[in-house]
Amino acid sequence: MQEVQQFTFRRDELFPIADRLRPSFLTASPFRHVVIDDFLPEGVLDPVLAEFPEPKDADWQRFDSSKEVKLALQDTEQMGPATRQLLAEFNGQVFIEFLERLTGIERLVPDPHLEGGGLHQIRSGGFLKVHADFNRHRRLDLDRRLNGLLYLNKDWEESYGGHLQLWSKDMSTCEQAVLPVFNRFVLFATTDDANHGHPDPLTCPPERARRSMALYYYSNGRPDEEINADHTTLFKQRPGEKYKNNLRQVLKRWAPPALVELAGRRDRSK
């Protein structure tokens, strides 16, 4: 069994996967994507999962609105050694060459700052509404081209929810729903019509969380047909959906912390 400290990506293992999956990636609907199960060798993710920080154990960025309730961590100093090693491999030479071979996108650049990426977790009741991602890395002045999501959820049941939903360009239909099970890797092209999210609140037990590692990749320029004005995340409503803050989210703007916490307890009891 390989430990993560000994693990490295190898071209002779990755390139056949790229060659096999490239046609399906390029023709996938509703936008270019691929789902790969059992992506990493057995045992590589166990130490990553063992050191995954709980909400109280790191300075997580907390999102709490009608559009997203989630936690994100991009500071590698607050991550364990196995996690940092694996992130370095995902941002390394061999993996970048694999992505270029799989997608046909040349001269890809990883993000050492993990802007918007790194570790994500969503607790019971959390969600992320359907959206298209920000399209430009302002610090690096590069175009965002690919999202890689590696799921870290062992024994994740269908009833827990948290499916990654892929929606049509016109937001009329959810064309695919991907359960975030352990060691499943999802790669998709980042365009303004790559509508995705997990918009329904999680129903997992309170002690569980939907955990993932998020990797984003960039290039200097993009095809003319993909060029649009720079923007942040574009949230998109499903048919009949309206964003509505709950009592806790409304009070966050105006009320003392104790009152916000009281409202949170009330929301969770419903």
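All heavy atoms count here, side chains included; hydrogens, waters and symmetry mates do not. Note that the structure is predicted; figures quoted are calculated from it, not measured.
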Do [X] and [Y] come close enough that some side-chain heavy atom pair is under 4.5 Å?
| X | Y | result |
| --- | --- | --- |
| T190 | F134 | no |
| V178 | L149 | no |
| L40 | F9 | yes |
| R238 | D200 | yes |
| Y160 | R210 | no |
| H196 | H131 | yes |
| H33 | L187 | no |
| F127 | P199 | no |

Any ion pair linking [Y] and [X] (charged N to carboxylate O, less than 4.0 Å)?
| X | Y | result |
| --- | --- | --- |
| D155 | R208 | no |
| E54 | R211 | yes |
| E115 | R139 | no |
| R62 | D64 | no |

With hydrophobic residues grouped by side-chain heavy-atom distances under 4.5 Å, do [X] and [Y] end up in a single group?
| X | Y | result |
| --- | --- | --- |
| L21 | L164 | no |
| Y216 | L119 | no |
| L26 | L99 | yes |
| I36 | I96 | yes |
| I227 | L108 | no |

Verify, without hydrogens or angle tests, whether [X] (side chain) and [Y] (backbone) share a donor-acceptor contact under 3.5 angstrom.
| X | Y | value |
| --- | --- | --- |
| S168 | T173 | yes |
| Q78 | D59 | yes |
| R184 | N153 | no |
| Y218 | H137 | no |
| S124 | C204 | yes |

Aromatic plane relationship, F235 with Y243 - under 30° parallel, 30 to 60° tilted, over 60° perpendicular: perpendicular
Could you check whether the rings of F39 and F90 sit parallel, tilted or perpendicular, using 30° and 60° as the cut-offs? parallel
Spacing of [X] atom [atom1] and [Y] atom [atom2] [to the nearest 0.5 Å]:
| X | Y | atom1 | atom2 | result |
| --- | --- | --- | --- | --- |
| F98 | L14 | CZ | CG | 5.5 Å |
| T191 | N135 | OG1 | CG | 10.0 Å |
| L215 | F185 | CG | CZ | 6.0 Å |
| R20 | L102 | CZ | CG | 10.0 Å |
| R32 | F188 | CZ | CZ | 11.5 Å |
| T233 | K129 | OG1 | NZ | 15.5 Å |

[X] and [Y]: which non-hydrogen atoms are nearest, and at how many Å?
| X | Y | answer |
| --- | --- | --- |
| G116 | Q74 | N-OE1, 3.2 Å |
| G161 | P180 | O-CD, 4.1 Å |
| W167 | P239 | CZ3-CD, 3.6 Å |
| L45 | L150 | CD2-CD2, 3.8 Å |
| Y151 | S212 | CD2-CB, 3.8 Å |
| L140 | P110 | CD1-O, 4.5 Å |

May I ask you to check whether over 12 heavy atoms, not counting those of [X], lie within 6.0 Å of atom [atom1]?
| X | atom1 | answer |
| --- | --- | --- |
| D75 | CG | yes |
| E225 | CD | yes |
| K169 | NZ | no |

Before giving the answer on side-chain contact (heavy atoms from CB on, under 4.5 Å), spell out for M213 and V48 the whole-Å C-alpha distance, their side-chain angles and the decisive distance to 0.1 Å. CA-CA 10 Å; M213 181 178 289; V48 174; 4.2 Å; yes
Run the side-chain contact (heavy atoms from CB on, under 4.5 Å) check on E89 and T8 step by step: do they pass? CA-CA 7 Å; E89 283 297 306; T8 58; 3.7 Å; yes
Side-chain H-bond candidate by donor/acceptor type, [X] with [Y], under 3.5 Å:
| X | Y | answer |
| --- | --- | --- |
| D133 | N147 | yes |
| S29 | E175 | yes |
| E158 | H163 | yes |

Residue pair D46, K154: steps toward the side-chain contact (heavy atoms from CB on, under 4.5 Å) verdict: CA-CA 10 Å; D46 288 337; K154 284 191 173 182; 2.8 Å; yes
Which residue in the set E100, R145, R107 passes side-chain hydrogen bond (donor to acceptor under 3.5 Å, both in side chains) when paired with S219? R145
Do I105 and Y217 pass the side-chain contact (heavy atoms from CB on, under 4.5 Å) test, and can you show the C-alpha distance, the side-chain angles, and the key distance before you say yes or no? CA-CA 10 Å; I105 301 174; Y217 302 92; over 6 Å; no
Using the side chain to side chain contact (heavy atoms under 4.5 Å, CB included) rule, pick out the option among E51, Q85, R84 that qualifies with M79. R84
